[in-house]
2 protein chains.
Amino acid sequence: MNTAPDEPRWLTDEEQRVWRAYLHATTLLEDHLDRQLQRDAGMPHIYYGLLVGLAEAPRRRLRMTELAMQAKITRSRLSHAIARLEKNGWVRREECPSDKRGQFAVLTDAGTEVLRRIAPGHVAAVRQAMFDRLSTEQQQALGEIMQIVAEGLQPREAGADLPWLR
Amino acid sequence: MNTAPDEPRWLTDEEQRVWRAYLHATTLLEDHLDRQLQRDAGMPHIYYGLLVGLAEAPRRRLRMTELAMQAKITRSRLSHAIARLEKNGWVRREECPSDKRGQFAVLTDAGTEVLRRIAPGHVAAVRQAMFDRLSTEQQQALGEIMQIVAEGLQPREAGADLPWLR
DNA sequence: GAGCCTTCCTTGAAGTTTAAACAAAATGGA
DNA sequence: TCCATTTTGTTTAAACTTCAAGGAAGGCTC
C-alpha cells in the first residue's frame with residue numbers, strides 16, 4: 001500500500017491544453033473588450049455591464065444589492081463603481097422610500113445616451129472576437145458548457161457575513 | 001432605401017444567452033480561483049501563473065519580456081508583480097550578462113517550495129470547477145473554441161510603441 | 001419596546017492594474 | 001562613426017479592486 005498522502009490528480013496533457021487555451025482566450029478577450037470600451041467610452045467592461053443592467057430594469061433603476069448580484073460583484077465594489085459613474089453623470093442615486101437603508105442606482109438620460117452611442121461598437125467587438133468565428137454548433141456547445149461551469153460556482157458574498165459557514 | 005447609418009447587427013436572443021453565460025461563468029470562475037489562491041497562498045491567480053511559468057523554464061528563469069508575453073500581461077504590470085513576489089522571497093531578479101538592459105526573473109527555492117505546496121489545491125479547484133463537470137466531448141469542444149477565439153485577438157502591447165498603427 | 005441579530009450600503013486603507021513617460025542599452029543604417 | 005530608432009524594463013500617478021470595519025435601519029423575540 002502506498003503511503004503517499006493523496007497524490008493529487010494532476011491535469012492530463014490534453015486537459016492542460018484545454019485549460020491553457022481557456023486562460024489564454026479569456027484573458028485576451030477581457031483585455032480586448034476592456035480596452036475597446038476604455039477607448040470609446042472611458043470606462044471598463046464591468047461598468048458597461050452596470051449601465052446595461054440599469055437600462056434593462058424597469059424605470060431604469062435597481063437596488064444596489066440587486067445590481068451587484070446581477071453583475072456578480074461585491075456591494076463594496078459596486079459602491080465605488082457607482083460613485084465613479086455618478087461623477088460622470090451617467091448614474092444617480094436615489095433613496096428607497098420603503099426601506100430607508102436602501103438606495104436605487106438610476107440610469108440618467110446622459111447615461112442612456114452614452115449607452116446608445118457605444119453599444120454598437122461593443123456588440124461589433126463581441127461579434128468579431130467570438131460569434132463571427134464560431135459555428136452555430138460551437139456557439140451552442142459553448143453556451144451549455146458555460147452554463148454548467150457557472151452552476152458549480154458560488155455566487156460572490158454567499159455567506160460573506162456568516163463566517164461560521166465558511 | 002433606408003437612410004439609417006448602418007444599423008448594428010445586435011445579438012440574437014440565443015447569442016445573448018451564450019454571451020451572458022460566458023460572462024457569468026468566466027467571472028465566477030476567475031473570482032473563485034483568485035480567492036482560493038489568495039486564501040491558500042496569499043497571491044492572486046495571475047501571480048500563480050507567473051511562478052508556474054518560471055518553474056517550467058530552463059534554470060527556472062525567464063527574461064521579463066518573455067514572461068510577460070507568456071502570461072499575456074504588460075511589462076509594466078509584470079514589473080510590479082515581480083517586485084511584489086520578490087518581497088515574498090519567491091522570485092529574485094538577476095541581470096542578463098549578454099544584454100545589459102535585460103533582467104531575468106528567477107524562481108527561488110522558497111518560490112519552488114510554495115508552488116509545490118499550493119499546486120495540488122489549485123489543480124483540485126480547477127478540476128472541481130471545470131473538468132469534473134464536463135464530458136470528454138465538451139472538454140474537447142471547449143479547447144477548440146478557446147483556441148479559435150484566442151487566435152482572433154491581438155497579443156497585448158502589439159504595436160504599443162507604434163501609435164500610428166493603432 | 002429593549003435587546004439582538006441581520007441586511008443594506010458605505011468607507012478607508014492596502015494592494016493591484018493601467019497609462020504614459022522615461023532612462024539605458026542595443027540596433028541599423030548612412 | 002554617428003545618429004535615429006527600437007527594445008528593455010522601470011517608474012510615477014491615477015484608477016480600480018479588495019478587505020475589513022462600521023453605521024444605520026429593519027426584523028425578531030421575549
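Throughout, a chain's letter reflects where its sequence line sits, starting with A, and its residues are numbered from 1.
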Nucleotide N/O of nucleotides 12-15 of chain C paired with protein N/O under 3.5 Å:
from: C/dG12; atom 1: O6; to: A/His80; atom 2: NE2; distance (Å): 2.8

For nucleotides 26-28 of chain C, tabulate all protein N/O to nucleotide N/O atom pairs closer than 3.5 Å, reporting atom names and distance.
from: C/dA26; atom 1: OP1; to: B/Lys100; atom 2: N; distance (Å): 3.2

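Residue A/Asn88 contributes atom CG, which lies 14 Å from atom C1' of D/dC16 at whole-angstrom precision. Computed from coordinates, the B/Leu85 CG to C/dT16 C1' distance equals 12 Å when rounded to whole Å. Here the P atom of nucleotide C/dT18 and the CZ atom of A/Arg39 are 16 Å apart, to the nearest Å. The distance from atom CZ of B/Arg63 to atom P of C/dA25 is 14 Å, rounded to the nearest whole Å. What separates CD1 of B/Ile73 from P of C/dA19 is a distance of 14 Å, to the nearest Å. Separating the CD atom of B/Glu95 from the P atom of D/dG9 is a distance of 12 Å, rounded to the nearest angstrom. Distance CD (B/Glu66) to P (D/dT8): 10 Å, rounded to an integer number of Å. With rounding to whole Å, A/Ile46 atom CD1 is found 15 Å from C/dT18 atom P.
Among the heavy atoms of the strands, none lies under 4.0 Å from A/Leu78.
Between B/Arg127 and A/Glu15 there is a salt bridge, with a side-chain nitrogen of the basic residue lying less than 4.0 Å from a carboxylate oxygen of the acidic one. Salt-bridge check for B/Asp132 with A/Arg9: passed, with a basic side-chain N closer than 4.0 Å to an acidic carboxylate O. A salt bridge links B/Glu56 with A/Arg20: at least one charged nitrogen is closer than 4.0 Å to a carboxylate oxygen. Using a cut-off of 4.0 Å between Lys/Arg side-chain N and Asp/Glu carboxylate O, A/Arg93 and A/Glu86 are scored as salt-bridged.
Minimum atom distance to the side chain of B/Arg77 is reached by C/dT17, of the listed C/dA19, C/dT17, D/dG9. Which of D/dG9, C/dA19, C/dT16 sits closest to the side chain of A/Arg35 comes down to C/dA19.
In this structure, a donor-acceptor pair under 3.5 Å is present between the side chains of B/Arg60 and B/Thr112.
Each of B/Gly42 and A/Gln38 has a nearest nucleotide on DNA chain C; the 5'-most of these lies closest to B/Gly42.
Of the residues in residues 48-58 of chain A, not one comes within less than 4.0 Å of DNA chain C through any heavy atom.
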Q.
As a quick check of understanding, evaluate side chain to side chain donor-acceptor pair (under 3.5 Å) for B/Gln140 and B/Glu144, giving each step before the final call.
A. CA-CA 6 Å; B/Gln140 191 192 328; B/Glu144 287 167 10; 3.2 Å; yes

Show the numbers, then the answer: is there a side-chain contact (heavy atoms from CB on, under 4.5 Å) between B/Leu54 and B/Arg61?
CA-CA 5 Å; B/Leu54 292 177; B/Arg61 76 194 52 210; 5.6 Å; no

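As a member of the Ile/Leu/Val/Met/Phe/Trp/Tyr network built from side-chain separations under 4.5 Å, A/Met69 groups with nothing else and remains a singleton. When hydrophobic side chains of Ile, Leu, Val, Met, Phe, Trp and Tyr are connected at separations under 4.5 Å, B/Phe104 ends up clustered with B/Val106.
For A/Arg93 and C/dT10, the shortest distance from a side-chain N or O to OP1 or OP2 is below 4.0 Å. Taking 4.0 angstrom as the limit, B/Arg75 places none of its side-chain polar atoms (N or O) nearer than this to OP1 or OP2 of D/dT7.
Note on residues 43-54 of chain A: pairs passing side chain to side chain donor-acceptor pair (under 3.5 Å), not counting sequence neighbours, are A/Glu30-A/His45.
Although no hydrogens or angles enter the test, the distance criterion places a donor-acceptor pair under 3.5 Å between the side chain of B/Thr108 and the main chain of B/Gly89. Checking side-chain atoms of B/Asn88 against main-chain N and O of B/Trp90 turns up no donor-acceptor pair under 3.5 Å.
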